[in-house]
Amino acid sequence: MPKDSGIGASSKRREDVRFLTGKGKYTDDMNVEGQAHCYILRSDVAHGTLDSVDTSAAADMPGVRGILTGEDFVEVGGLPCGWQVTDRFGEPMQEPKHPVIAHGKVRHVGDPIAVVVADTLAEARDAAEAIDVSITELSAVVDMAAALADGATKVHDDLTNNLCYDWGFVEENKDAVDEAIKGAHHVTTLELVNNRLVANPMEPRVAIGDYDASTNDHTLYTTSQNPHVIRLLMGAFVLGIPEHKLRVVAPDVGGGFGSKIYHYAEEAIVTVASKQFGCPVKWTSSRSEAFMSDAQGRDHVTKIELAMDENGKFLALRTDTMANMGAYLSTFSTCVPTWLHGTLMAGNYTTPLIYCNVKAVFTNTVPVDAYRGAGRPEATFQLERVIDMAAREMGIDPIELRMRNFVQPDQFPYQTPVAVVYDTGNYQGTMAKLLEVVDRDGFAARKAASAANGKLRGFGVASYIEACGIAPSSLVGALGARAGLYESATVRVNATGSISVMTGSHSHGQGHETTFAQVVSDMLGIEENAVEIVHGDTAKIPFGMGTYGSRSLAVGGSAMVKATEKIIKKATKIAAHLMEAAEVDVEFKDGQFSVAGTDKSVAWGEVCLAAYVPHNYPLEEIEPGLEESAFYDPANFTYPAGAYACEVEVDPDTGKVEICSFAAADDFGNVINPMIVEGQVHGGLAQGLGQALLENTVYDENGQLLTGSFMDYAMPRADDLPSFEVDHSSLTPCTHNPLGVKGCGEAGAIGSPPALVNAVIDALADKGVVHIDMPLSPSRVWAAMNQAG
Amino acid sequence: MYDFELVKPSSVADAAAALGDEDAQALSGGQTLIPTMKQRLAMPSKLVSLAGIEEMQGVAVSAVGGIRIGAATTHATVAKEVAGSYPALAALADGIGDPAVRNRGTIGGSLANNDPSACYPCGTLASGATINTNKRAIAADDFFVGLFETALEEGEIITSVDFPTPSAANYQKFDQPASRFALVGVMVAKFDDGVRVAVTGASESGVFRWSEAEAALNGNFSADAVAGLSVSADGLISDMHGSADYRAHLVGVLTMRAVAAC
Amino acid sequence: MAQVSMTVNGKAVSGEVEGRTLLVQFLRDQLRLTGTHVGCDTGQCGACVVHVDGEAVKACNMFAGEADGAEVTTIEGMANADGSLGTIQQAFQDHHGLQCGFCTPGMVMSAAALLKDNPNPSEAEIREYLEGNICRCTGYHNIVKAIQAASDAQ
Ligand SMILES: Cc1cc2nc3c(=O)[nH]c(=O)nc-3n(C[C@H](O)[C@H](O)[C@H](O)COP(=O)(O)OP(=O)(O)OC[C@H]3O[C@@H](n4cnc5c(N)ncnc54)[C@H](O)[C@@H]3O)c2cc1C
Ligand code: FES
Ligand code: FES
């Protein structure tokens, strides 16, 4: 029987009511009394020296309150990078300054040059056109291989070259891997591109700075996935504002997918402008601006080699990757191609020897950072593609080849050769579940039916594993993270028994307000509606590291569980006092405290009231009040895994791919709200299939962004996608967090690209096509068929 | 966007007078003009809305036979109203953009704009339609001059379009994956006096007639008749969505499909 | 500046607008009806869809002056008279047809326009009708389910 509330119930989302009635409070819906607007003049060339920025004419234009340029930020820090990567030779990465506003040079199309603050946005924009900017254009570095060539133009003059780092993992395995590959029965080699993406949450970024001169307090309203992190980065590293004088609010946020994790220049700009010009200052990104100022995703070029014995047993894996950083290091850019990528190269398999090399490269393009999945889609894509290719080359069924190499259920905890330890999993289980859902036996008949219609049908699968719930602080600290990655929660029980939970996680679509309340209500045996989740405001929540990397429930939820456990403990003491019983004899169940073996009991509400109206209360033993905080630092990552299948039909005349069906069998550990989990999978699948089929970010050789709007950047639409079959019943609970949950936010985006590409290649196999780089647009598929044929 | 004055005349004559001002521009559905103005690529000082001009609205059986469509008629209205009289044109209108765009965008705006990937120029040219303005009647063959260029003079207003109705016709649109405009679109229309084939999306100089295919189809109206034909890739658009070769190939495929569907 | 008057969600409203003021700006900035969103500047995303004289339009692609005298309905006008969720809104909640909620107002307005024209759409018809509404969160699966459910309920 499905439950109708608490853990495991598909509770309807309480946040929906405000969203469905137009009452959501997104940042752009807010207007602060007396606010001015700012327009950011951005570079229209990819690379050049910024010779002069003359703002004198603009300053006299109607409505203008003031103008900021790079000069105004010379004294403050650059936008910080949160992760220091150490290269193969033990040296730190090259880390250039990322000025808030360009100074001396512009390095990508969209680099801010000047900021005009005016009464209206139109006036600000009019004035920006009167700014006289003189730029001497330099040749742009766009292609990664060219950027690494000797004598290449440097993106940053003060660095040695365009190489951020040359990272090897596991460096000690390198020779052994080379040896194993040399001696192997068969080696499958594949070169591929993981295409550059733009996250494009539907809500563009917005920031409002509001400075109160009478108290010296700054408030920043911003579209962020992690307001505390912004407060820390901007306060401590960029502007030197102490935390107690800086409040960061991220109200309703319209999607993030990674792109709203980072600290962006515009946040510092409105904060500074508000103080300097004496008025609240609002910046609202247009979509066109988002394309050139939101951090972009992926952009890897990889060669992968898989060595096997005669039975297809994986012996060794070697990868060689160039990862585009863009022009500057965005907040988490450096860890994505390294620690979030190399550590996942074992996949679901027992490959004993793995070596991956990653060269991170500066180019004159928009900075690249984590996008839904972050590093793990890159790892999964290359691995699952090379396995499919190997299966074909070896004449082994692709599912069979995977089965032969899966980590076995009795091998957990499983130490991979790439540092991480998988706590639990059952990869055969999810694959078997997948095969229950898809009718593989019927494929031959469906293929024949398609052929009769002149269409080519293909079937593809992929397995995936990801590391979520980032992350044990001591581990990531050793790997170069400049922050801890725990989470905090405060559970405040009000006098009448209702509850406010302050969480450092942030919901921007994930439904925390509902799911988190389900957990607490279940633990306390009270109604879900009696629990309120508060998030997104540094003034209300003690601390938080935010939401990304599918970490909210696994880390933030665990902190909340720990705090709630403390509440139960204290409440039990109070109850024991009220019932004049020994604490050990008191049981707590369904919102009732009772003394074992007696008919004595007190209700939750009475205990709460006693805590706040302590007339009959053990004041000498415990304090009044009922509020507890907890910080939870995970012991390990969590490892969601699963198996996906895709069936496609290709029109050989046009190259158009139609997705006929898509099925996902995931192991997310325990599931709190199945409805929400399935929704997360659907959304992830759409983004992964979008990457595989439609989306691409293209720069020309001069660094001009050719896909700067939805006119050229193909977003997945309703009619590009099928309905999905999703299942999460084959599960192995996480062993090291209290809820046994693993995280479900990114899985869909990780497992779906290789499943789709494998299906298309299967459809085209008879035509001699062995690989096509994403996106598999009609023109690319058609070209591949014609080149191969 | 720069500011401007919006005027809403109720007759073509008043609109023409208003458009006499320097920097005045016609506004029809705004589905192209407004995004262009947001980018500050167009900066009229006065916009003359054509939406309220009764005589430019709706579909009627034309004096010369066939149908007359008012230039300010929306794509949605055309899709509905010519479904019986000219189903291929109705389907073309129904495939433009999305429902909300079709509720505003108009045939006159589409023709005046002459986007090289637009649908109506293709349908108009294949139909051998006549574009009526406040000054004259222009044959479709003379109307489309080049990329975003037409035979219209400064301030000239398209008032209606006369479509002869073919005995059979079909429009095949292959979507550009992002914008959903035509990556290539082909309209085939069969009249008593011959077959007309028009192609959009493909050429660097905008919509064109594929005379080779027309000749072949005049001899034998079947998909087989065009199976061996191909347009040259020279002068075709090559961009990230498709090479000139690919577009040339699609022209052939879509023409065959259009004929087969006639 | 020009004076415009229209009926929005059944209420007569008027205001002073510039020629360039878009309908969506008038709704959001002057009437403070912030449920109608802006997600792009090329008319593609549909976050801004409202009904003007009963038809779905993109409020970012229409000047406020063009809506002078019109009947406009926004997401704020879609609830039942007693404030409870309307049929389509309720179906979106029941079927988890929204996540971040940003595309949602436009989706609901488009869905309402679809069901008015076609009370029993097939899945393919729903997907095709939503061509001009981009959602980045849901993968559309549950939006389609919600609209089917609303169709059944109506
Ligand atoms: C999201 C989206 C998708 C689209 N998809 C497609 C598609 O698939 N296929 C397609 O063909 N089009 C597509 N379009 C374009 C759409 O069809 C436009 O409606 C059309 O191109 C312009 O018509 P309009 O009435 O909106 O003209 P407006 O934007 O008002 O005007 C366009 C130009 O024509 C001039 N003009 C307008 N009317 C007249 C007239 N009567 N006489 C003289 N000049 C005039 C204007 O001054 C302006 O220069 C799309 C648009 C959008 C926003
Ligand atoms: S805001 Fe994107 S279509 Fe209107
Ligand atoms: S729910 Fe977030 S964009 Fe649709």
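So that the names make sense, note that chain A is the first sequence line, chain B the second, and so on, each numbered from 1. Just so it is clear, the values below take in all heavy atoms, side chains as well, and ignore hydrogens, waters and symmetry mates.
- At a 4.5 Å heavy-atom cutoff, the contact between C/L22 and chain B is made by side-chain atoms alone.
- For B/E5, no part lies under 4.5 angstrom from a heavy atom of chain C.
- For chain C, no part of B/T32 is nearby; none of its heavy atoms comes within less than 4.5 Å.
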* Can B/Q31 and C/V57 be said to form a side-chain contact (heavy atoms from CB on, under 4.5 Å), step by step? -> CA-CA 10 Å; B/Q31 301 304 290; C/V57 305; over 6 Å; no
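- Put simply, the side chain of B/D98 never gets that close to the backbone of C/E131: no donor and acceptor are under 3.5 Å apart.
- The two residues C/C60 and B/K38 have their closest heavy-atom pair at O-NZ, 2.9 Å.
- Under a 3.5 Å cut-off, the side chain of B/K8 and the backbone N or O of C/G65 do form a donor-acceptor pair.
- With a 6.0 Å radius and a threshold of 12 heavy atoms from other residues, nucleotides or ligands, B/K46 has its NZ atom above the threshold.
- C/R20 pairs in a side chain to side chain contact (heavy atoms under 4.5 Å, CB included) with only one of the listed residues (B/L47, B/I34, B/D3, B/L6), which is B/D3.
- The CD atom of B/Q39 lies 8.5 Å from the OG1 atom of C/T42; values are rounded to the nearest 0.5 Å.
- Heavy-atom neighbours of B/E153 CD from other residues, nucleotides or ligands within 6.0 Å: above the threshold of 12.
- Comparing B/L27, B/T36, B/L33, B/V101 by how many heavy-atom pairs each has under 4.5 Å with chain C, the most go to B/L27.
- Using a 4.5 Å cut-off between non-hydrogen atoms, no part of residues 77-97 of chain C approaches chain B.
- Closest heavy-atom contact between C/N61 and B/G30: OD1-O, 4.0 Å.
- Summarising the local packing, CD of B/E22 is surrounded by 12 or fewer heavy atoms from other residues, nucleotides or ligands at distances under 6.0 Å.
- Residues of residues 134-154 of chain C never come within less than 4.5 angstrom of chain B, heavy atom to heavy atom.
- Taken from OG1 in C/T21 to CE in B/M1, the straight-line distance is 9.0 Å, to the nearest 0.5 Å.
- Heavy-atom neighbours of C/E125 CD from other residues, nucleotides or ligands within 6.0 Å: above the threshold of 12.
- Panel note: side chain B/N103, backbone C/A56; a donor-acceptor pair is recorded below 3.5 Å.
- With chain C as the partner, the residue from B/P99, B/S49, B/A178, B/G97 showing the most heavy-atom pairs under 4.5 Å is B/P99.
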